[in-house]
S.K.: 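Can you keep this structure in mind? I'll have questions shortly.
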Amino acid sequence: MHIKVKRGWEMPERLATPESIFLNRRALLGGSLGMAAASLAGGPALAAMPGEGTGAVKTADLYPAKQNPAYILDRPVTPERYSADYNNFYEYGTNKTVTPGSNALKVQPWTIKIDGLVERPFEIGFEDLVRKMALEERLYRHRCVEAWSMAVPWTGFPLAALVALAKPTGDARYIQMQTFLDKAMAPGQRAFFYPWPYTEGLTLAEANNELAFMVTGVYGKPLLNQFGAPLRLAVPWKYGFKSVKSINRITFTAERPKTFWEGLQASEYGFWANVNPAVPHPRWSQASERVLGTDERVPTLIYNGYGAQVADLYKGLEKERLFA
């Protein structure tokens, strides 16, 4: 007899995105594609949705993607009206309401550079990359280092698939990801005291973990600008600042990369940044988190509830500062 043991972060199927919503989105996207075609033929232009990247329509036919039932939650998905209006995106401001500013982000065209310790460095257009991958939806927790959280239906593909495409050499130990650098498009990058461009990194073992996810969409549609369009990272067992946004360069290295927040304040924002309720931030507790949309205060879980999938990554690294 097969007995299924539910993992701590799973939620009942009844709390997942209803099928009717996805079907309605599909119909709406189909209509939008028709309007886009009409505009190319001289008809009315398709208006951009608030926060939606200018290249979103080129991949809109890929959404909504099929949900992967292996990645579900223990709580309802955070309504988009909350999660889409509460974002950290320092390129467009230091407050949480970055949507108006992020409308300046131009994601068409968008090219990703793959370099460093790979068999052959190359550049690839975002659309070409996405169409090489099998997209799926995953329901993930997102835990910010600021002690708030949300539950998000990300669409994308495993980071491991991108690693395989890049073909790193045997000397590669880390993967470094950077966002764009364009002070005209992103006024926040004019702040000289920040080490732009935003840079993050993982070990190659972390990058190949099943949970590491390259995000191209959210809520059944292409990624909105304020979420980090057109391509961002999601590593749900780590604090949110590790999930770099608007990626345009991926470099494989032998040395551990110096990350954005680590360069600013390493004592508060380390390289590993794994979630642990027992290790406080120097200025606040991490024992609990405020859930967006409900403002409910709930206990934080070790590795944000994903310990079964990632704890083995850190065996033998106990002397490292894994949780800050």
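Position 1 is the first residue of the sequence; numbering continues from there. All heavy atoms count here, side chains included; hydrogens, waters and symmetry mates do not.
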S.K.: Assess the residue pair Tyr239 and Glu146 against the criterion (side chain to side chain donor-acceptor pair (under 3.5 Å)); give the C-alpha distance rounded to whole Å, side-chain angles, the decisive distance to 0.1 Å, and a yes or no.
M.R.: CA-CA 9 Å; Tyr239 290 117; Glu146 299 165 342; over 6 Å; no
S.K.: So do the side chains of Tyr174 and Leu202 get within less than 4.5 Å of each other, counting heavy atoms only?
M.R.: no
S.K.: Taking the side chain from Lys242 and the backbone from Gly201, do they hold a donor-acceptor pair closer than 3.5 Å?
M.R.: yes
S.K.: Do side-chain atoms of Lys238 reach the backbone of Trp272 as a donor and acceptor pair under 3.5 angstrom?
M.R.: yes
S.K.: Before accepting this row, confirm whether a basic side-chain N of the pair Arg131/Asp61 lies closer than 4.0 Å to the acidic partner's carboxylate O.
M.R.: yes
S.K.: For the residue pair Trp196 and Phe260, establish whether any side-chain heavy-atom pair is separated by less than 4.5 Å.
M.R.: yes
S.K.: Evaluate the side-chain proximity of Asn304 to Leu301: yes if any heavy-atom separation is below 4.5 Å, no if none is.
M.R.: no
S.K.: Judged by atom type as modelled, is there a donor-acceptor pair below 3.5 Å linking the side chain of Gln226 to the main-chain atoms of Ala84?
M.R.: yes
S.K.: Asp182 vs Lys106, test: salt bridge (charged side-chain N to carboxylate O under 4.0 Å, His left out). Steps then yes/no.
M.R.: CA-CA 10 Å; Asp182 186 334; Lys106 296 178 176 62; over 6 Å; no
S.K.: Please check if atom CD in Glu255 has more than 12 non-hydrogen atoms from other residues, nucleotides or ligands closer than 6.0 Å.
M.R.: no
S.K.: Look at the side chain of Asn68 and the backbone N and O of Glu136, then say whether any donor-acceptor pair between them is shorter than 3.5 Å.
M.R.: no
S.K.: Are Phe122 and Leu165 side-chain neighbours, meaning at least one heavy-atom pair lies under 4.5 Å?
M.R.: yes
S.K.: Check this for me, if you would: do Glu268 and Arg283 make a salt bridge, where the nitrogen-to-carboxylate-oxygen distance has to be below 4.0 angstrom?
M.R.: yes
S.K.: Would you kindly check if the NZ (Lys) or CZ (Arg) of Arg143 is within the cone defined by 45 degrees around the ring axis of Tyr306 and under 6.0 Å from the six-membered ring centre?
M.R.: no
S.K.: Check whether any side-chain heavy atom of Trp237 sits under 4.5 Å from a side-chain heavy atom of Asn209, and report yes or no.
M.R.: yes
S.K.: How many angstroms lie between CZ in Phe89 and CZ in Phe227, if you round to the nearest 0.5 Å?
M.R.: 11.5 Å
S.K.: Would a distance-only check, ignoring hydrogens and angles, find a side-chain to backbone donor-acceptor pair under 3.5 Å from Thr179 to Lys245?
M.R.: yes
S.K.: Quick check: does any side chain N or O of Ser246 sit under 3.5 Å from a backbone N or O of Ala229, one acting as donor and the other as acceptor?
M.R.: yes
S.K.: Under the 3.5 angstrom rule, does the side chain of Thr199 hit a backbone N or O of Pro197 as a donor-acceptor pair?
M.R.: yes
S.K.: Identify the heavy atoms of Pro257 and Thr253 that sit nearest to each other, and give their distance.
M.R.: CD-OG1, 4.4 Å
S.K.: Regarding Lys221 and Glu80, does a basic nitrogen lie under 4.0 Å from an acidic carboxylate oxygen?
M.R.: yes
S.K.: What are the two closest non-hydrogen atoms of Arg138 and Pro158, and how far apart are they?
M.R.: NH2-CG, 3.7 Å
S.K.: Quick one: are Leu231 and Leu129 in side-chain contact, heavy atoms under 4.5 Å?
M.R.: yes
S.K.: Do the rings of Tyr194 and Tyr90 sit parallel, tilted or perpendicular, given the 30° and 60° boundaries?
M.R.: perpendicular
S.K.: To check you understand the geometry: which heavy-atom pair defines the closest contact between Thr300 and Ser288, and what is its length?
M.R.: OG1-C, 3.4 Å
S.K.: Crowded around Lys258 NZ? As in, over 12 foreign heavy atoms under 6.0 Å?
M.R.: no
S.K.: Would you compute the distance between atom OG of Ser243 and atom CH2 of Trp154 and round it to the nearest 0.5 angstrom?
M.R.: 7.5 Å
S.K.: Which pair of heavy atoms, one from Gly293 and one from Tyr82, lies closest together, and at what distance?
M.R.: CA-CD1, 3.5 Å
S.K.: Considering non-hydrogen atoms only, spot the tightest contact between Leu264 and Phe193 and give its length.
M.R.: CD2-O, 3.5 Å
S.K.: Can Glu289 and Arg75 be counted as an ion pair, charged N to O under 4.0 angstrom?
M.R.: yes
S.K.: Would you say Gln286's side chain and Val145's backbone share a donor-acceptor pair under 3.5 angstrom?
M.R.: yes
S.K.: For Tyr269 and His281, take the angle between the two ring planes, folded into 0 to 90°, and tell me which bin it lands in: parallel under 30, tilted 30 to 60, perpendicular over 60.
M.R.: tilted
S.K.: Inspect the contact between Glu200 and Arg232 and indicate whether a charged nitrogen and a carboxylate oxygen are less than 4.0 angstrom apart.
M.R.: no
S.K.: Looking only at atom types and distance, does a side-chain atom of Asn208 sit under 3.5 Å from a main-chain N or O of Leu204, one as donor and one as acceptor?
M.R.: yes
S.K.: Kindly work out whether a path of hydrophobic side-chain contacts (I/L/V/M/F/W/Y, heavy atoms less than 4.5 Å apart) joins Val298 to Val279.
M.R.: no
S.K.: Shortest non-hydrogen contact from Ser83 to Tyr219?
M.R.: OG-OH, 2.6 Å
S.K.: Is there a donor-acceptor contact under 3.5 Å from the side chain of Glu206 to the main chain of Thr203?
M.R.: yes
S.K.: Check whether any side-chain heavy atom of Leu223 lies under 4.5 Å from a side-chain heavy atom of Thr155, and answer yes or no.
M.R.: no
S.K.: Contact between Lys96 and Trp148 at the side-chain level, heavy atoms closer than 4.5 Å - yes or no?
M.R.: yes
